[in-house]
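Below is one structure; the comments refer to it alone.
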Protein chains: 2
Amino acid sequence: MCAASHTYQFPRPAIAVDCVVFGYSPEGLHVLLLKRGVEPFAGKWVLPGGFLHQGESGDEALKRLLLEKAGIQKIWAEQLYTFTNPARDPREQIISIAYFALVKSMDIEPVAGRDTVEAQWKLVQSRIALGFDHAEILQTALDRLAAKLRWQPVGFELLPPKFTLSELQHLYETILRKSIDKRNFRKKILAMNLLDACDEQVTAGSGRPAQLYRFNAKKYKELSRQGFHFEL
Amino acid sequence: MCAASHTYQFPRPAIAVDCVVFGYSPEGLHVLLLKRGVEPFAGKWVLPGGFLHQGESGDEALKRLLLEKAGIQKIWAEQLYTFTNPARDPREQIISIAYFALVKSMDIEPVAGRDTVEAQWKLVQSRIALGFDHAEILQTALDRLAAKLRWQPVGFELLPPKFTLSELQHLYETILRKSIDKRNFRKKILAMNLLDACDEQVTAGSGRPAQLYRFNAKKYKELSRQGFHFEL
DNA sequence: AATTTTTAGTGTATTTTTTACACTAATTAA
DNA sequence: TTAATTAGTGTAAAAAATACACTAAAAATT
């Protein structure tokens, strides 16, 4: 272990970066959790995270930590909130810069690290108990995700590149926790002209095959610059 | 000077709390700025702020700093964003947990501290140059304020307890930077039933005296619980 | 004292957006 | 062959947003 030490005139809290990683499947919204192997909260589920290193920005730390702890490389993420309650960690004051992230598929490669026993996707609705103040962080992320879903095209970050309108609608219904009229939903989303129909269809189990669509991020950027505001 | 020292195994960035304090007058939206008396950025205008103390939450540090630096006691404030660019302070890595705050009147008592020469309310539209990355923080706060104004009743935090509808409309026009139809604005805001008419009128210069109103925060909370969403 | 200027205050008709709603189409399962 | 399942489509009614011009009450000017 490194014996280097760092001395300051005034005490400094440690800085952690924690991340709420959401994934989606027809069963519902999932969150990536790690089971801690060490105290405090050994055996408890917590959000992936770790300490910010010297010279790192929050975004850089996040990228490193997601790779280390979950093998996740490319991912949509943004800063959520900074949790500063001095008692949020029983050891000492640790400030957590929390992020939330959205993955298109839940095939993570959970890397068991020094302090991690296990990684699992858990259904959000299962309301599993979490260590530290991570339940509060998760709730904040859920609120933010629901709000964001309506005003920004982030839903597509939770779906594979090609998806059906039914899948998209189901995602909205799950996260916003209300049912949506099928015809009105399709009308509205297609009227935005942000979805390109692929020349493929897909059939999932029984029923009529569904048209696959792709979100046109380039067109969205272009329209945004022209004052367009996504709303669903 | 205190000679106590604090030693940690790993290096730790310092934590600052900075605040964008907005004030409003008919001339426009103002921001409270301090002129620095010490390096770095001596002579430059910066946002009020300071270091987070051990054992303090961000909210507590904010409260202390606003009192110390500007004599501000009761104030609406919320966390804005955490700025983590390692180069944002030329001395060393200092993470800034930024807040933004709204005051009802701009009669601050600017306290000249150790590192502060002067405090002034500056018109936001004057686009004054700021030290550190504070221009970025200010822009983030402006964007947030404009967004928030439409979906939450925060405009009232920038007005005295009693205000006229014209004042309120002018505030909205200033911050959203677009003109609003007088009749439609009044219709919409009054239809929400969140404004109580005072039994006073006020006359500012020439012209017909205007009815004074008061924002009913209690009613807003009540309606919010019932699923009401403010929108203007 | 009369007139002008200034700001406050009001209603309706049109357009746009949102909502509610039921059947046909294409496939798999029985 | 039939039943079950999911995809896909249009219209009419209601609600919300918009555009728009005059009267009312005071101060300022003549």
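Worth saying up front: this structure is predicted, and the values here are computed from it rather than measured. Naming: A, B, ... by sequence-line order, numbering from 1 per chain.
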Review item, side-chain donor-acceptor pairs of residues 197-207 of chain A, under 3.5 Å, at least two apart:
| from | atom 1 | to | atom 2 | distance (Å) |
| --- | --- | --- | --- | --- |
| Glu200(A) | OE2 | Lys162(A) | NZ | 2.3 |
| Thr203(A) | OG1 | Gly205(A) | O | 3.4 |

For this session: Name the first nucleotide and the last nucleotide along DNA chain D (5' to 3') that come under 4.0 Å of a heavy atom in chain A.
Result: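 On DNA chain D, the outermost contacted nucleotides are dT5(D) to dT11(D).
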For this session: Please assess Phe22(A) against Val103(A) for the test side chain to side chain contact (heavy atoms under 4.5 Å, CB included), listing each intermediate value before the final yes or no.
Result: CA-CA 6 Å; Phe22(A) 288 119; Val103(A) 296; over 6 Å; no
With a 3.5 Å cut-off and no angle check, do the side chains of [X] and [Y] form a donor-acceptor pair?
{"X": "Asp18(B)", "Y": "Ser96(B)", "result": "yes"}
{"X": "Asp59(A)", "Y": "Ser57(A)", "result": "no"}
{"X": "Gln169(A)", "Y": "Glu167(A)", "result": "no"}

Is there a residue in [range] whose heavy atoms reach under 4.0 Å of DNA chain C, and which residues are they?
{"range": "residues 197-212 of chain A", "result": "Gly205(A), Ser206(A), Gly207(A), Arg208(A), Pro209(A)"}
{"range": "residues 174-183 of chain B", "result": "Lys182(B), Arg183(B)"}
{"range": "residues 152-171 of chain A", "result": "none"}

Exercise. Applying the salt bridge (charged side-chain N to carboxylate O under 4.0 Å, His left out) test to Asp115(A), which of Lys69(A), Lys35(A), Lys44(A) qualifies?
Worked result: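 One option only clears the test, and that one is Lys69(A).
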Exercise. Phe100(A) and Trp76(A): aromatic ring centres closer than 6.0 Å?
Worked result: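 Here the rings of Trp76(A) and Phe100(A) have centres that are less than 6.0 Å from each other.
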Exercise. His229(A) NE2 to dT17(C) P: how many Å, rounded?
Worked result: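 Spelled out: NE2 on His229(A) to P on dT17(C) is 15 Å.
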So, [X] and [Y], do they make that salt bridge, N to O below 4.0 Å?
{"X": "Lys148(A)", "Y": "Asp143(A)", "result": "no"}
{"X": "Arg64(A)", "Y": "Glu60(A)", "result": "no"}
{"X": "Asp133(B)", "Y": "Arg88(B)", "result": "yes"}

Exercise. Where the side chain of Thr116(B) meets the backbone of Glu118(B), is there a donor-acceptor pair that is under 3.5 Å apart?
Worked result: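 Checking the backbone N and O of Glu118(B) against the side chain of Thr116(B), no donor-acceptor pair under 3.5 Å is found.
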For this session: Can you tell me which residue pairs pass the ring-ring contact (aromatic ring centres under 6.0 Å, His included) test with a partner in residues 208-232 of chain B, sequence neighbours excluded?
Result: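 The answer is Phe156(B)-Phe215(B).
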